[in-house]
> 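Handing you this structure, nothing more for now.
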Amino acid sequence: MTAPVRVRFSPAPTGMLHVGSVRTALFNWLFARHHHGELVLRIEDTDTSRSRPEWITGIQDTLRWLGLDWDGNVVLQSQRFAEYRAAAEQLVEERAVYECFCTPEEIAARNDAAKAEGRGPGYDGHCRDLTAEDRATRAAERRPRTLRFRTPDDGASSFVDLIRGEVRVEWSTISDFVIVRSDGTPLFFLANAIDDLEMGITHVIRGDDLLDSTHRVLALRAALSPEAPPAYAHLPLILGPDRAKLSKRHGAVALEELREAGYLPEAIRNYLALLGWSPEDGREVLRIQELIELFDLDAVTHANAAFDHAKLDWMNGEWIRRLTRTELEAATMPLAERRYGPRLDLGLLRGALEIGQERSTTLGALLDQADFLFAADDDFVIAPESWAKVTRTERVAEIFDAVIAHLRTCDWTPDAIDPRSLLTDLGFEKPGKVLPSVYAAVEGRHAGLPLFESIHLLGRDRAVHRLEAARARLEA
RNA sequence: GCCCCCAUCGUCUAGCGGCCCAGGACGCUGCCCUUUCAAGGCGGUAACGGGGAUUCGAAUUCCCCUGGGGGCACCA
């Protein structure tokens, strides 16, 4: 390859990162790492009313957690406004951009009128050819002034997208667009074009929802500099289960929610990499290094993809099982600390991870099953549906009595704890069938971590105590 | 309304003219394993949206239709 690759991930800090934006970040990251290039993190906070500092730090936290590192300092567009203004004024002088004094209300009214006539929305060029005198008058009226880019009157805009191939649109369908607001702040188009130019971005990899805006950015870029623009690659969108575009208020899966629910970065990266891309050999469970080696823009698909939570679950389970015990512990610790606070017991947690690793799909689900270990006897509760199952169990009082007696004296190993032979002696042909009542008494749920190991972990006193409590409750 | 993008199992995808009466994965489902529930193992179910054209031959090329998605902001 020729010039070193330099890409950027440029989110707007208007909310938490969701799977769509993270997939974009991931593809940029994989592309940069694959080509030994650089990835810049640029925060597009030009909309000062919607941007919030906590989202900026939140975005960085999430990216770091996912292992998607970036090169150099984070660039904040809000700190470069002066530069954008200067460039815009220069464009005004060159007549590529003009002053527009239309108010939002006037534009909205004319759009409504256009709609009534069966035409679509879009700026009508009202202020396109204002004379110096017109402008002076309007300025004197203290009308708001925006700066609008003048799009070509005829011909077509065309560029070759790395994924889509040639994309062509008639200029007549693209209206003049605002690049500087009436309060003097820049818009996306301006800041984007200038920064891509100055940062030396070679490839722009982003969502397909920005495909149409590319023509405008490219025209603006051409007015700004004769330098060749970056190559563009528009990724198919990730859709919600309902097949609509993911948005903050609609079905978007926030990364922080996944993190809190116990999904692993390894699994999220792996799953997201497979949404719109697949390696030649068809393997699906891939380490990050393999992802970097195999990733290629050529293999990116063209069609939008629905986010499938069930497959993510499967993938997460795959990764939980691949973790070493130490890694699993490190991944679970933050969740467990938040969940159990001072009641967290490292020894018990390790025990739970040992018996739970092979059978869990999320860390959250694993901890759900481990809750019984950390509950004080006073606030240990048996789920209502599980208790119902207990009361429906035949001769359950007898079972409890026998198990209690057994636990008081047996050797304290999982094998010795196993009460089945004793239940067989009591006349139960399939002792396994009545065991769920014991699960409920000890674990608070009739289905959970393997019983004998669980009792062993819980300890003799606590186990006996819980069974006695359940036995007493039967009488009530 | 106009513009753009897209179109293989329910979902993610392989397929880039004959190897495909279409392969893999998730899901669903049957069986096995089994102390519950899972996890795991082995099977099964299930798709080329429709119509033309090109060709000896089309999931693969072209056109139309239909369908889905996106865009048309002083959001990005």
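Protein chains get the first letters and strands the later ones, always in sequence-line order, with residue 1 at the start of each. Since this is a predicted model, take the numbers as computed values, not measurements.
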> Considering only atom C1', compute the distance from B:G18 to B:U60 and round it to an integer number of Å.
11 Å
> Which of these nucleotides, B:U35, B:G24, B:U13, is closest to any side-chain atom of A:Lys311?
B:G24
> Mind jotting down which residue pairs meet the ring pair (Phe, Tyr, Trp, His ring centres under 6.0 Å) criterion with at least one end in residues 426-452 of chain A? Sequence neighbours excluded, please.
none
> Between B:A39, B:U11, B:U35, which nucleotide gets closest to the side-chain atoms of A:Arg321?
B:A39
> Which whole-number value in Å describes the distance from A:Asp161 CG to B:C5 C1'?
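For the pair A:Asp161 CG and B:C5 C1', the rounded distance is 10 Å.
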> Specify the separation, in whole Å, of atom CG of A:Asp371 and atom P of B:C37.
20 Å
> Give me the distance, rounded to whole Å, that separates B:A46 from B:G30 when you measure between the C1' atoms they each carry.
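To the nearest whole Å, 15 Å.
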> Take atom NE2 of A:His446 and atom P of B:U36, then tell me their distance rounded to the nearest Å.
12 Å
> Could you please name the option among B:A7, B:G10, B:A25 that lies closest to any side-chain atom of A:Trp314?
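That would be B:A25.
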> Within the sub-3.5 Å range, which N or O atoms of nucleotides 28-30 of chain B have a protein N or O partner, and how far apart are they?
none

> To the nearest angstrom, how far is A:Arg283 atom CZ from B:A14 atom C1'?
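Checked: the CZ to C1' distance equals 15 Å.
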> Between atom CG in A:Leu286 and atom C1' in B:A25, what is the gap in whole Å?
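So the two atoms are 12 Å apart, to the nearest Å.
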> Measuring only the C1' atom in each nucleotide, how far is B:C19 from B:G44? A whole number of Å is fine.
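Going atom to atom, C1' in each nucleotide, I get 26 Å.
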> Can you check the A:Glu284 CD to B:U11 C1' distance for me, whole Å?
12 Å
> A:Glu293: what forms a salt bridge (charged side-chain N to carboxylate O under 4.0 Å, His left out) with it, not counting sequence neighbours?
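If we apply the salt bridge (charged side-chain N to carboxylate O under 4.0 Å, His left out) test to A:Glu293, skipping adjacent residues, there are no hits.
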> By the ring pair (Phe, Tyr, Trp, His ring centres under 6.0 Å) test, which pairs, at least two apart or in different chains, include something from residues 146-166 of chain A?
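Qualifying pairs: A:Phe149-A:Phe177, A:Phe159-A:His215.
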> Would A:Arg206 count as a cation-pi partner of A:Tyr232, with NZ or CZ less than 6.0 Å from the six-membered ring centre and within 45° of the ring normal?
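Cation-pi check for A:Arg206 and A:Tyr232: fails.
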> Counting only side-chain heavy atoms from C-beta out, which of B:U35, B:C4, B:G10 sits nearest to A:Pro450?
B:U35
> Enumerate the residues from residues 353-364 of chain A whose closest heavy atom to RNA chain B is under 4.0 Å, giving them by residue number; use none for an empty result.
A:Glu358, A:Arg359
> Looking at A:Arg322 and A:Glu318, does any basic side-chain N land under 4.0 Å from a carboxylate oxygen?
yes
> Would you measure the distance from the P atom in B:A53 across to the matching atom in B:A14 and give it in whole Å?
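Per the computed distance, 30 Å lies between those P atoms.
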> Does the protein touch nucleotides 65-76 of chain B at the base, only the backbone, or not at all? Give it as B, S and - per nucleotide, heavy atoms under 4.0 Å.
----SBSBSBBB
> Can you tell me the pairing partner of B:A59 across any strand shown, Watson-Crick or G-U wobble, with both distances under 3.5 angstrom?
none
> Who passes salt bridge (charged side-chain N to carboxylate O under 4.0 Å, His left out) against A:Asp161, sequence neighbours left out?
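A:Asp161: no salt bridge (charged side-chain N to carboxylate O under 4.0 Å, His left out) contacts found.
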> Taking distance alone, no hydrogens or angles, what donor-acceptor pairs closer than 3.5 Å link side-chain atoms of residues 295-308 of chain A to residues at least two apart or in another chain?
from: A:Asp296; atom 1: OD1; to: A:Asp298; atom 2: N; distance (Å): 3.0
from: A:Thr301; atom 1: OG1; to: A:Gly276; atom 2: O; distance (Å): 3.4
from: A:His302; atom 1: NE2; to: A:Ile163; atom 2: O; distance (Å): 3.0
from: A:Asp308; atom 1: OD1; to: A:Ala310; atom 2: N; distance (Å): 3.1

> Measuring only the P atom in each nucleotide, how far is B:C28 from B:G10? A whole number of Å is fine.
16 Å
> Could you tell me how far apart A:Glu443 (CD) and B:U36 (C1') are, to the nearest whole angstrom?
8 Å
> B:U35 base stacked by A:Tyr439? Criteria: ring centres under 5.5 Å, plane angle under 30°.
no
> Got a sec, which residues hit salt bridge (charged side-chain N to carboxylate O under 4.0 Å, His left out) with A:Asp154, two or more places apart in sequence or on another chain?
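Checked A:Asp154 against salt bridge (charged side-chain N to carboxylate O under 4.0 Å, His left out); zero matches.
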> Among residues two or more places apart or on two chains, list those pairs meeting salt bridge (charged side-chain N to carboxylate O under 4.0 Å, His left out) that have a residue in residues 45-55 of chain A.
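Qualifying pairs, neighbours excluded: A:Asp47-A:Arg50, A:Arg52-A:Glu54.
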> Using the test salt bridge (charged side-chain N to carboxylate O under 4.0 Å, His left out), find all partners of A:Glu290 that sit at least two apart in sequence or belong to another chain.
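Listed in chain order: A:Arg283, A:Arg287.
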> Going by an N to O cut-off under 4.0 Å, is there a salt bridge joining A:Asp401 and A:Arg471?
yes
> May I ask you to say whether A:Asp208 pairs ionically with A:Arg164, meaning some side-chain N is under 4.0 Å from a carboxylate O?
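Yes, A:Asp208 and A:Arg164 are salt-bridged.
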> For atom C1', what is the distance between B:C32 and B:A38, given to the nearest Å?
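Going atom to atom, C1' in each nucleotide, I get 16 Å.
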> Return each pair, listed once, that meets salt bridge (charged side-chain N to carboxylate O under 4.0 Å, His left out) where at least one residue sits in residues 174-193 of chain A; pairs must be two or more places apart or across chains.
A:Arg128-A:Asp176
> State which of B:C6, B:G40, B:U13 makes the closest approach to the side chain of A:Ala303.
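Between B:C6, B:G40, B:U13, the one nearest the side chain of A:Ala303 would be B:C6.
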> Return the value, rounded to whole Å, for the distance between atom CD of A:Glu385 and atom C1' of B:C37.
13 Å
> Distance between the C1' atoms of B:C16 and B:C2, in whole angstroms?
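So the two C1' atoms sit 33 Å from each other.
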> When the nearest nucleotide of RNA chain B is assigned to A:Ala310 and to A:Gln369 on a heavy-atom basis, which residue is associated with the more 5' position?
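Upstream on the strand: A:Ala310.
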> Quote, to the nearest angstrom, the P distance that separates B:A58 from B:C21.
12 Å
> Hey, which sits more toward the 5' end of RNA chain B by its nearest nucleotide, A:Asp418 or A:Leu275?
A:Leu275
